[in-house]
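All ligand and atom numbering here is 1-based and tracks the order in the structure. FYI, the numbering just counts along the sequence from 1.
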Amino acid sequence: MATAQLDSAALRELTGAFSGDLIQPGDGGYDEHRKVWNGSIDRHPALIARCAGTDDVIAAIRFARQTGLPLAVRGGGHSFPGHSVCDGGVVLDMGALTGVEVDPDAKTAKAQAGALLGQLDVATQAHGLAAPAGIVTHTGLAGLTLGGGIGWLMRKFGLTIDQLESVEMVTAEGEVVHASDDENADLFWGLRGGGGNFGVVTEFEFNLNPLGPQVMAGPIFWRMEDSPKLLRFYRDWIAEAPDDLMTIIIHRKAPPLDFVPQELHGQLVVAVVSCYAGSVEDGERVLKPLKEFGSPVLDLCEPKPYLQHQAMFDPSFPHGRWYYMRACDVKELTDDVIDTTVEHSMQIRSPLTAFPIWQMGGAVSRVADDATAFTSRGAGYTFNITAMTEGPDGFDEEREWSRDFWSALSPHHMGVYVNFLMEEGEERIREAYGAAKYDRLKALKRKYDPENLFRLNQNVRPD
Ligand SMILES: Cc1cc2nc3c(=O)[nH]c(=O)nc-3n(C[C@H](O)[C@H](O)[C@H](O)COP(=O)(O)OP(=O)(O)OC[C@H]3O[C@@H](n4cnc5c(N)ncnc54)[C@H](O)[C@@H]3O)c2cc1C
């Protein structure tokens, strides 16, 4: 069916107008470019349009409208539910557009929409600067930013969108528009959390802040049986911690890596991973009580380049494994939240499953909730219950574990970060934004994409 639809005047017109690569089934590179990060997603688009510039984006959008084929938009390909690839449709792939231009005097960076987080970090750290973004360098900047963007620097500098100055975007009509506080301010509001619902972003402009290059950062591990006491100590200690400090709690089986003592390999462990975004000396002082708590089995929290810390999780979340996730925000680590967490962490089967509990707050919570479409500013912690296997073996069981754990936390659910949703239906998307913001996003959708061309996402329907 797809081949017949593509053999048309529309395809000839597109081919004539397109500077980048157009890849169809059977072409070299088709399998490489249809793959996304989550190996459990296996879809076969009719056409992959690897854009080489804004004109290509306009041409690909026009082609999708002319043919009526579904349109998936790809930045880094890290959507957990695989929204950036589709069966039988068009993938508008921004992955070849990775330029990042830093103005060190103005402390700003312009990034093309195919850039990965690591590319932004490397370009900005070359000037001792940074934009707050995520914790795995091979994640796409576009999808992450459009959902909000949480990461190591957020408690000090806010979310990725809190340092976003302006955006260039192509609409469903093929028009290039700019959005900032001064121009199309309604769109700028929606792009800061509303995902890919309104158009295809071609460029982001960020404010930068001085950072590092050395930071005090890394994980400290304890045995899983210490987790109930550790998490109770942690919640009291962290309540007094400055915004320079951001922490993530991980429960998993210790991986068989060189730096992990052999007797721990495969054993259930808990880690508190820290990043102190101030001076190394202050970081050492602030982190001392954590380092001295109980009997850590491994302490890798030390001064290191920020870039090294940013890449720390890369090997734990590689491309191609099978992933499933349920997520929720909670207000606090109450005794019940802690006990539920430990009980379910004890049931992790896969040697690869590693799930983060993100400490929120700080600068994130000081921006007014209605200032942007992002809606988890009041969260104390974000649970990201990630199940992971090498392939299909054991995947269903691990997915059930994730679902059961999430359900057990349901008395404490207070919302969910839209970038941590799977394919969970309209009600969950509405829940992620809350009723008032959801209605505001709907109105914006009616203005910018009334026909819902951009629907392969956490979709806000125009009707
Ligand atoms: C390993 C891993 C680590 C992560 N770490 C973090 C983290 O630290 N912090 C955090 O906040 N989130 C994190 N996430 C979640 C992440 O923010 C989302 O998965 C996000 O969608 C990834 O963006 P992407 O461009 O790679 O995704 P893609 O799959 O390419 O795109 C996802 C969606 O974004 C939209 N989109 C992408 N590009 C464009 C564009 N140019 N214009 C308009 N819409 C576009 C589309 O709707 C698309 O369906 C992580 C995800 C993974 C897999």
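Compare Gly147, Ser316, Ser84 by their heavy atoms: the one nearest to atom 31 (O) of ligand 1 is in Ser84.
The shortest heavy-atom distance from Gly114 to ligand 1 is not under 4.0 Å. Note on ligand 1: Trp358 sits in its first shell, one or more heavy atoms being nearer than 4.0 Å. Distances shorter than 4.0 angstrom do not occur between any heavy atom of Phe313 and any atom of ligand 1. By the 4.0 Å heavy-atom criterion, Phe420 is counted among the residues contacting ligand 1.
Contact check on Arg455 versus Asp449 returns no salt bridge, with no Lys/Arg side-chain nitrogen under 4.0 Å from an Asp/Glu carboxylate oxygen. A salt bridge is absent between Asp439 and Lys442; no separation between the charged side-chain nitrogens and carboxylate oxygens falls under 4.0 Å.
Closest protein heavy atom to atom 8 (O) of ligand 1: Ile135 N, 2.8 Å. Counting only heavy atoms of the protein, atom 12 (N) of ligand 1 lies nearest to Leu144 CD1, 3.5 Å. Scanning all protein heavy atoms for the shortest distance to atom 27 (O) of ligand 1 gives His78 N, 3.2 Å. What sits closest to atom 9 (N) of ligand 1 on the protein, heavy atoms only, is Ile150 O, 2.7 Å. Of the protein's non-hydrogen atoms, the one nearest atom 34 (O) of ligand 1 is Gly143 CA, 3.6 Å.
Not one N or O on the side chain of Trp152 forms a donor-acceptor pair closer than 3.5 Å with the backbone of Met246.
The side-chain contact (heavy atoms from CB on, under 4.5 Å) test with Leu117 is passed by exactly one of Leu141, Val122, Ile135: Leu141. Exactly one of Tyr323, Tyr417, Trp37 qualifies for a ring pair (Phe, Tyr, Trp, His ring centres under 6.0 Å) with Phe80. That residue is Trp37.
Only the side chain of Leu146 comes within contact range of ligand 1, with a heavy atom under 4.0 Å; no backbone atom does.
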